[in-house]
Structure formats: structure tokens, C-alpha cells
Amino acid sequence: MGGTNVWDAEWEVNEEQARTLIGRQFPQLSSKQVKRLGWGWDNTVFLIGDEYVFRFPRRSIAVGSIRMEGKLLPKLEAYMTIPYPKPLFYGEASDEYPAPFLGYAYVPGDFPIGLTEERRALSAETLAKFLRRLHEFPVQAALKCGVQQDHRNLTDIASRKVKLEGFLSKVVEHLSWEESGVIEAYISRLQKDRVEAVNALLHGDLHFKNMLVNENGIVSGIIDWGDLSVGHPACDLSVAYSFLPPYARGVFFETYGGADEETKLLARLIAVYIPILILMQAVDDGNEAIAAEAKSNIMRALSD
């Protein structure tokens with residue numbers, strides 16, 4: 001069973017097991033090569049041939065998300081302006097593996113790691129249009145599919161600030177003196193305790209590990225929809241701070257349709273919060289490339 005970190009798995013699936021589980025339920029795929037692509041906190045991901053991706057939950061908490069994705073993701077098609085993984089194969093729990101799993105159309109692209117600021121700026125309008133349409137999806141229709149409403153208390157800045165201070169103390173030795181100073185100064189300036197609730201359908205986990213770019217560095221895919229939820233749009237708008245350089249944010253918010261100061265305040269906080277979590281996990285995994293990218297996301301979020 002799981003260990004002490006929130007990202008520790010309750011059960012793991014290796015390539016051999018994935019091949020067996022997929023082959024039993026979807027014999028038409030049994031001749032295809034199975035290759036592990038990676039894993040997040042909640043799922044292990046496999047490439048099947050070069051056409052499909054399968055996600056297997058690693059923790060019981062992820063099972064509800066997989067079921068909800070299976071219902072809601074197909075309904076989003078008319079709203080999507082960036083390619084996303086649409087579910088095609090619905091795997092059932094069995095004696096061999098205790099959870100449902102999903103197979104999707106493969107979305108090609110690379111993770112946006114180490115991109116120049118100029119390349120990042122090219123995606124400002126693309127990302128803004130994508131989020132404008134996603135946030136227009138009817139909230140009631142999403143709730144009917146089992147999407148949770150603000151289960152993370154996004155608008156509670158005071159408690160997020162306390163958590164952020166705790167995370168910072170865990171990674172401070174992996175930051176430069178200047179980096180930790182900038183983050184500490186930002187946290188101490190955060191005086192607001194809460195922002196007004198606003199409800200929109202959210203991707204819920206929009207960061208560099210869930211985005212793909214094409215050969216020009218332009219965002220070409222949004223993946224890992226396991227955190228689909230209803231809540232404050234600032235959660236997704238955080239990408240304007242973590243991913244885009246300061247000079248591209250104006251065009252982003254203009255294209256999106258504007259955002260008030262409270263929304264921007266919360267978006268910036270989440271743009272620091274998520275990469276700090278990613279940094280903690282990268283340090284735990286010894287993944288220097290992801291750690292470096294997480295740090296640059298934090299520094300970008302805190303620059304104007």
C-alpha cells in the first residue's frame with residue numbers, strides 16, 4: 001500500500017500487466033506494442049502502438065475521476081479548440097486489477113520544457129481561446145456527469161498560503177538564496193484571505209506536465225483531465241503566470257475576455273502553488289529537468 005507522500009501509489013501497473021489487461025478486454029489491440037509513457041500522482045500512462053494512450057489509476061482516489069472523464073470528455077468536443085485525449089476504450093475493473101481504466105486517442109507533442117520566453121508568448125492567444133471556450137461549458141451539465149464542485153476550496157487564500165509556506169520549507173534547500181527570497185517576499189505580501197466564489201468548468205491541473213507543444217513550441221495538446229471540476233476560473237488562468245512571459249499576459253487576458261484583480265491575484269497564487277508541488281515531487285524522484293522547469297515556472301509567475 002501507499003507510503004508517506006501524497007503521490008505514492010496504492011497499486012502499480014507495469015507494461016506486462018497493461019498488455020494483459022488491455023488484450024483481455026480489447027483483443028483488437030493485443031498485437032500492438034505497449035510502452036510506459038510515464039506517471040502522475042493518480043495514473044500510470046501507456047502508449048499502445050502509436051495511436052492510443054491508456055491510463056490506469058494508481059490510487060483509489062483516482063477511480064471516480066476516470067469514471068467522470070469517461071462521461072464528460074466526449075461532451076467537450078464541440079468546445080475544444082486544442083486537441084485533447086478523447087476516450088475510446090472503457091476498461092472495467094477485474095480480479096486482476098481493481099479499477100476501471102480508459103483508452104484515448106493519442107495526442108502527439110512534446111512537453112514544454114526549456115522553451116524560450118519568445119516561444120511561450122506564441123501560445124498566448126491559443127491558450128486564452130481554449131480556456132474561454134472551456135469555461136463556457138454549461139456548469140449544470142458538468143455536475144450531472146459527476147464533476148465535483150470546488151472540492152479544493154480554491155477561493156480560500158489563507159489556508160493555501162499556510163500550505164505554501166509548509167511546501168517552501170521542504171524545498172528551500174533546493175532553491176537558490178534569490179529564489180527562496182522572492183517566494184518568501186511574495187507570500188508575506190499576500191494579505192487577502194479569500195476571494196469571491198465563481199463557478200466554471202475547469203481543467204483543474206493546467207501546468208507544463210499536462211500541456212504538449214508542437215515543433216514550433218506552440219501549445220498543441222492539453223492532456224490529463226483527471227482534475228476536471230467546477231470552481232474558480234483562476235485555477236486554469238494560472239497558466240498566464242506560470243507559462244507565459246509577463247509581456248504576453250495582456251493579450252492573453254484580452255483574448256480570454258478579461259479578468260478582475262481578485263481573479264488575477266488567485267491565478268498568480270496557484271501559478272506558484274502548483275509548480276512548488278511539482279518541484280517537491282521532482283526532488284523526491286531525482287528528476288533534475290522537471291525540478292528546473294518547476295523553478296522557472298515559479299520565478300516567471302512572480303515576475304511582472
Side-chain angles (χ1 to χ4, degrees), residues 4-8 40-41 112-117 120-121 150 152-197 202 204-211 227 231-250 252-253 259-304:
T4 54
N5 293 314
V6 289
W7 52 80
D8 287 332
W41 289 19
I113 291 174
L115 288 184
T116 64
E117 299 301 285
R120 290 167 181 280
D150 199 28
R152 288 173 292 175
N153 294 323
L154 290 172
T155 54
D156 184 353
I157 290 176
S159 70
R160 196 165 287 267
K161 181 178 168 180
V162 170
K163 285 182 186 164
L164 191 56
E165 286 168 335
F167 298 155
L168 182 58
S169 69
K170 288 184 180 166
V171 295
V172 72
E173 68 202 68
H174 301 278
L175 296 166
S176 70
W177 182 78
E178 185 189 3
E179 286 165 342
S180 58
V182 168
I183 300 167
E184 282 165 13
Y186 164 70
I187 293 172
S188 69
R189 285 197 310 273
L190 267 179
Q191 296 306 320
K192 206 170 186 71
D193 284 345
R194 175 171 286 280
V195 298
E196 283 293 311
L202 309 174
D205 199 22
L206 201 53
H207 55 73
F208 69 89
K209 289 178 78 180
N210 291 336
M211 296 159 69
D227 280 303
H232 202 296
C235 181
D236 289 349
L237 296 174
S238 63
V239 76
Y241 294 92
S242 59
F243 185 80
L244 295 176
Y247 66 84
R249 290 172 194 157
F252 172 90
F253 283 114
D260 60 24
E261 288 312 305
E262 278 201 342
T263 298
K264 289 179 177 177
L265 176 93
L266 182 55
R268 194 190 294 263
L269 171 56
I270 293 168
V272 175
Y273 189 91
I274 293 176
I276 283 237
L277 278 171
I278 294 171
L279 175 59
M280 282 167 62
Q281 186 179 0
V283 164
D284 194 53
D285 293 343
N287 190 325
E288 288 177 24
I290 296 289
E293 185 64 28
K295 283 189 233 179
S296 79
N297 275 236
I298 296 164
M299 291 299 108
R300 186 177 300 107
L302 293 179
S303 54
D304 285 311

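- In this structure a side-chain-to-backbone donor-acceptor pair under 3.5 Å is missing from Asn297 to Val272.
- Using modelled atom types, no side-chain atom of Asp227 and backbone atom of Asp205 make a donor-acceptor pair closer than 3.5 Å.
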Worksheet item: For Leu115 and Phe243, what are the C-alpha separation, side-chain angles and deciding distance, and is it a side-chain contact (heavy atoms from CB on, under 4.5 Å)?
Response: CA-CA 10 Å; Leu115 288 184; Phe243 185 80; 4.1 Å; yes
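- Across all non-hydrogen atoms, the minimal contact from Glu293 to Arg120 is OE2-NH2, 2.7 Å.
- Here the CG atom belonging to Leu269 is positioned 9.5 Å from the CD1 atom belonging to Ile274, to the nearest 0.5 angstrom.
- Residues Val239 and Phe252 form a side-chain contact, since some pair of their non-hydrogen atoms from C-beta on lies under 4.5 Å apart.
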Item to complete: Give the C-alpha distance, both sets of side-chain angles, the deciding distance and a yes or no for side-chain contact (heavy atoms from CB on, under 4.5 Å) between Ile157 and Val195.
Response: CA-CA 7 Å; Ile157 290 176; Val195 298; 3.6 Å; yes
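- Ile113 and Ala289 get closest at one heavy-atom pair: CG2-O, 4.4 Å.
- Within the 3.5 Å criterion, the main-chain N or O of Ala158 finds no donor-acceptor partner in the side chain of Arg194.
- Rounding to the nearest 0.5 Å gives a distance of 6.5 Å between CG of Leu154 and CG of Leu202.
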Practice prompt. Start with the C-alpha gap between Asp304 and Arg268, add the side-chain angles, then the distance that decides, and say whether salt bridge (charged side-chain N to carboxylate O under 4.0 Å, His left out) holds.
Written response: CA-CA 11 Å; Asp304 285 311; Arg268 194 190 294 263; 2.7 Å; yes
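- Shown here are the salt bridge (Lys or Arg N to Asp or Glu O under 4.0 Å) partners of Glu262, two or more places apart in sequence or in another chain: Lys192.
- Atom CD1 of Ile183 is separated from atom OG of Ser188 by 12.0 Å, given to the nearest 0.5 angstrom.
- When all heavy atoms of Leu244 and Ala121 are compared, the closest pair comes out as CD2-CA, 4.4 Å.
- Between the side chain of Asp284 and the main chain of Met280, no donor-acceptor pair closer than 3.5 Å is present.
- Closest heavy-atom contact between Cys235 and Ile270: CA-CD1, 3.7 Å.
- Rounding to the nearest 0.5 angstrom, the gap separating the CG atom in Leu164 from the CD1 atom in Ile187 is 4.0 Å.
- Although no hydrogens or angles enter the test, the distance criterion places a donor-acceptor pair under 3.5 Å between the side chain of Asn287 and the main chain of Ile290.
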Fill in: Derivation and outcome, side-chain contact (heavy atoms from CB on, under 4.5 Å), residues Val182 and Ile298
CA-CA 10 Å; Val182 168; Ile298 296 164; over 6 Å; no
Fill in: Test log, rule side-chain contact (heavy atoms from CB on, under 4.5 Å), inputs Met211 and Leu206
CA-CA 7 Å; Met211 296 159 69; Leu206 201 53; 4.2 Å; yes
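- Atoms OH and OG, on Tyr273 and Ser242 in that order, are 15.0 Å from each other to the nearest 0.5 Å.
- No donor-acceptor pair closer than 3.5 Å links the side chain of Arg152 to the backbone N or O of Gly231.
- The heavy-atom pair separating Pro112 from Phe208 by the smallest distance is CD-O, 3.3 Å.
- Rounding to the nearest 0.5 Å gives a distance of 10.5 Å between OH of Tyr241 and CG of Leu266.
- Salt-bridge formation is detected for the pair Glu117/Arg300: a Lys NZ or Arg NE/NH1/NH2 atom is positioned less than 4.0 Å from an Asp or Glu carboxylate oxygen.
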